[in-house]
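In what follows, a structure is listed as structure tokens, so that the remarks can point back to it.
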Amino acid sequence: MRYPPIVKNMPHILHGGDYNPEQWIKWKDTIWKEDMRLAKLAGINTLTVGIFSWTALEPEEGQYNFSWLDELMDMFAENGVAAIVGTPSGARPAWMSRKYPEVLRVNESRVRNVHGERHNHCLSSPVYREKTMAINERLARRYKDHPALAVWHVSNEYSGECHCPLCQVKFRAYLKNRYKTLDALNEAWWASFWSAAITDWDQIESPGSPGNGGHNGLKLDWRRFTTEQFVDSYLNETAPLKEITPDIPCTTNLMAGYTGIDYVRFAEVLDVVSWDSYPQWTSAEGNSEIGLRTSYCHDLMRGLKRKPFMLMESCPSATNWRPVAKLHRPGIHKLQSLHALAHGADTVQYFQFRKSRGGPEQHHGAVVDHYGGENTRVFREIADLGERLKGLDDLVGMDTPAEAALIHDYQTRWAIEDVNGLLQEKTGYGETLIEHYRAFWKRGIPLDIIDSRQSLEKYRLVIAPMLYLLREGAAERIDAFVQSGGIFVATYATGYVDENALAFLGGFPGPLRKTLGIWCEEIDALYPGETNTVEWEGKSYRAFDLCELIHEEGAQVLGVYGGDFYAGTPALTVHRRGKGRAYFLAARTGRDFRDDFYRWLAAEAGIRPRFEELPEGVSVQVRGDGEEEAVFLMNFTNEKKQVQAGPGKAGIDLEPFEVKILQS
Ligand code: GLA
Ligand code: ZN
């Protein structure tokens, strides 16, 4: 499968980044011209402008000034630079907050923010909505036929919440629409507990502290509502863009580590997913670990639409917001950029092109330093990469084929992170997923990361660790997948609650009980340092944290607990159902177990890694369109490595941090 390029008629890897030329308007005759020269030298073919330019574009209410952007867009077109035009809503002008205080965000303690910084607005405010729409409409009309216009980048890194009176009204309307009656709402929230029942819609308050830390049902719905707020605000912003420039793709930059928005829902309204990746290279965790975690993030973001995405921001050198502003070691820049391509990115973009002279981000890594010229180590590495990217047109639009998938579900995550019980805040949904992912990553077996609403048909193997909350239809989809020949893996803490976080009555794992052929009677949480064992295939593996006590109901027992009062009871089972099999792992185990188990299971599922064994710290990813393919071999370590290509074939050498792309 090959997808069309993100920018029509531009079948190249996009290379560029955030550019803030309004900071240099006074010096435009020299700096802007120099920027074009440097961009060309660095092999840059796209720049993102306008993201935080509201005050430059509308210095006073209703008085617009587009002349500087006109000039810039023309300059881009003359220099072959595609413009990713940001809508400026991420940071508002002071005149707006002063005249219309309703645009300012209110925190959970119901205190209104003061004006300043960015991402500080109420998305419900009619004024904010009207003003963003108005400026976007003007941008679209002005540049609709401009040859440089390539992509709309809406706002910036949506996040946070607003608890103002306008948002309370919208929240109540959202709930009314969802539940129709107060009776249904009270039941969904189990509001008979602690006298939480609502007798008038107006009594509903968003969760906030102190005082309303939150009923789990209320909290879940608040997060769903917050997601809808961002979706709605995005749609409000894109309405004029879509109407006036229907062929220009729209996106907003996501953050893989952010869990306050259900990104799978959000991605439904994006034309293309884009995200900002800032791996903490050369930290105590080690680059191989950072490589693994960043791979996971890329796959999570790609999975939102299961098609190529944009690496909207990355840092070519040190960030300014970490406690330690470590430089990227030589070679890291190329590695992190090609790494994104390996996982499905069709762009390599940076924050930022030119360092600002002042302000909070003046020391954040950039293509062009305060020094100002091309004679820097960082610039040379970027220009080298730019050269390399020019030879990679073939990758554009290529799929990232995967035969196995891992289910990550934002709403399950919200629900389990709210649970009082298990290991409280250390229950570790996100980390558990990374641990399951690890067993595949280190063998170079690609995984898609999807959520429980997405279709499972194309996979041989689907793994869903800790699928605590089961959405409407999820169990049915999983069961159909198994019946038709799929291999499914579930673990402890699965199928406890429904979409409203109400416990399934009649035995866990609720509607997955018949698929898995087991009943989970209890779950034991272990103190730090306490262990049990899982006995499987003649080996004894460490079990810790969470051990579920289960009974087989049609499933075959493969492994048992070795200790405690539940010694000898099932810890690993398989249920043959239809043409497929459903495995259940009852305990949290160490990496040794997952390595052995998934090695065995992948073989059972007929999934073969590209190379039989990979050296530690080397990862393999494949992009392909069914005919051509590109195999990426990435060395995340600072040592030479060799990959054995198979019997009779020469080994493939990798220098420290080297990426080799084998195209065929
Ligand atoms: C985020 C923002 C950028 C910038 C960078 C700095 O990703 O989107 O505007 O602040 O962080 O790393
Ligand atoms: Zn608000």
Side-chain angles (χ1 to χ4, degrees), residues 1-17 39-48 80-82 84 150-151 249 272-275 277 279 291 294-295 298-299 301-302 307-314 316 328 330-350 353 367 378-402 444 446 610 618-636 643 652-655 657-664:
M1 172 86 192
R2 195 181 272 273
Y3 297 88
I6 291 163
V7 179
K8 231 189 191 168
N9 306 327
M10 214 174 152
H12 311 297
I13 299 294
L14 300 185
H15 182 214
K40 221 173 259 174
L41 262 185
I44 278 176
N45 57 15
T46 180
L47 289 167
T48 307
V81 172
I84 298 183
V151 175
V272 54
V273 163
S274 73
W275 86 280
S277 174
T294 309
S295 300
H298 285 313
D299 289 348
M301 293 293 98
R302 186 191 68 243
K307 64 177 200 183
F309 61 91
M310 301 174 79
L311 175 66
M312 187 59 94
E313 291 179 25
S314 62
H328 283 178
I332 284 281
H333 178 65
K334 202 178 278 172
L335 169 67
Q336 75 168 11
S337 304
L338 298 174
H339 180 210
L341 301 190
H343 284 265
D346 274 1
T347 77
V348 175
Q349 296 163 263
Y350 311 122
F353 180 75
V367 178
V378 170
F379 190 93
R380 280 193 294 273
E381 288 210 27
I382 293 166
D384 261 14
L385 174 78
E387 262 319 293
R388 178 121 184 232
L389 294 180
K390 285 181 191 158
L392 295 178
D393 285 356
D394 262 6
L395 292 180
V396 174
M398 266 190 177
D399 201 5
T400 39
R610 189 59 63 140
V618 171
S619 147
V620 171
Q621 288 292 322
V622 180
R623 291 190 71 172
D625 65 358
E627 286 170 18
E628 292 170 40
E629 67 168 17
V631 179
F632 288 71
L633 282 98
M634 294 163 275
N635 180 6
F636 290 97
V643 176
I652 306 167
D653 291 318
L654 291 169
E655 294 298 315
F657 303 139
E658 188 185 354
V659 178
K660 275 211 164 89
I661 308 174
L662 315 175
Q663 282 174 285
S664 56

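Between the side chain of Thr400 and the main chain of His343, no donor-acceptor pair closer than 3.5 Å is present. No donor-acceptor pair closer than 3.5 Å links the side chain of Glu313 to the backbone N or O of Gly17. Using modelled atom types, no side-chain atom of Arg302 and backbone atom of Gly344 make a donor-acceptor pair closer than 3.5 Å. Within the 3.5 Å criterion, the main-chain N or O of Val273 finds no donor-acceptor partner in the side chain of Lys307.
Going from atom CD1 of Ile382 over to atom CD of Glu387 covers 14.0 Å, rounded to the nearest 0.5 Å. Once rounded to the nearest 0.5 Å, the distance linking CZ of Arg623 with CG of Asp394 reads 11.0 Å. Here the CG-CD distance, from Asn635 to Glu658, works out to 8.0 Å after rounding to the nearest 0.5 Å. Separation of atoms CG (Leu311) and CE (Met301) is listed at 12.0 Å; rounding is to 0.5 Å. Here the CD atom belonging to Gln621 is positioned 10.5 Å from the CG atom belonging to Leu633, to the nearest 0.5 angstrom. Atom OG of residue Ser274 and atom CD1 of residue Ile6 lie 9.0 Å apart, to the nearest 0.5 angstrom.
Contact annotation: the side chain of Pro330 approaches that of Glu381 to within less than 4.5 Å [non-hydrogen atoms, C-beta and beyond]. Between Val618 and Phe636 the shortest side-chain heavy-atom distance does not fall below 4.5 Å. Contact check for Arg388 versus Ile661: side-chain heavy atoms found under the 4.5 Å cut-off. No side-chain heavy atom of Gln336 sits less than 4.5 Å from a side-chain heavy atom of Thr294. Using a 4.5 Å heavy-atom cutoff, the side chains of Glu628 and Met398 are in contact. Contact of the Gln663 side chain with the Leu392 side chain is registered, since non-hydrogen atoms from C-beta on lie closer than 4.5 Å. Between Pro5 and Met10, the closest side-chain pair of non-hydrogen atoms is not below 4.5 Å. Counting heavy atoms from C-beta on, the side chains of Val367 and Val378 never come closer than 4.5 Å.
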*Kindly indicate, with the supporting measurements, whether the criterion side-chain contact (heavy atoms from CB on, under 4.5 Å) is fulfilled by Ile13 and Val396.*
CA-CA 6 Å; Ile13 299 294; Val396 174; 3.9 Å; yes
*Show the numbers, then the answer: is there a side-chain contact (heavy atoms from CB on, under 4.5 Å) between Tyr3 and Asp346?*
CA-CA 10 Å; Tyr3 297 88; Asp346 274 1; over 6 Å; no
*Dump the intermediate steps for side-chain hydrogen bond (donor to acceptor under 3.5 Å, both in side chains) on His15 and Asn45, then the final yes or no.*
CA-CA 6 Å; His15 182 214; Asn45 57 15; 5.9 Å; no
*asked:* Go through it in stages, so that I can follow the logic: the residues are Leu338 and Leu385, the test is side-chain contact (heavy atoms from CB on, under 4.5 Å), and I'd like the CA-CA distance, side-chain angles, deciding distance and then a yes or no.
replied: CA-CA 9 Å; Leu338 298 174; Leu385 174 78; 4.2 Å; yes
*Do Ile84 and Met310 pass the side-chain contact (heavy atoms from CB on, under 4.5 Å) test, and can you show the C-alpha distance, the side-chain angles, and the key distance before you say yes or no?*
CA-CA 12 Å; Ile84 298 183; Met310 301 174 79; 3.8 Å; yes
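Scanning both residues, Phe632 and Val659, for their nearest heavy atoms gives CD2-CG1, 4.1 Å. The two residues His339 and Gly291 come nearest to each other via the heavy atoms CE1-O, 3.5 Å. For Ile44 against Gly16, the heavy-atom pair with the smallest separation is CG2-CA, 3.9 Å. Among all heavy-atom pairs drawn from Gln349 and Thr48, the shortest one is NE2-OG1, 3.8 Å. When all heavy atoms of Ala150 and Pro249 are compared, the closest pair comes out as O-CD, 3.5 Å. Nearest heavy-atom pair, Pro316 versus Tyr350, reported as atom, atom and distance to 0.1 Å: CD-CB, 4.1 Å.
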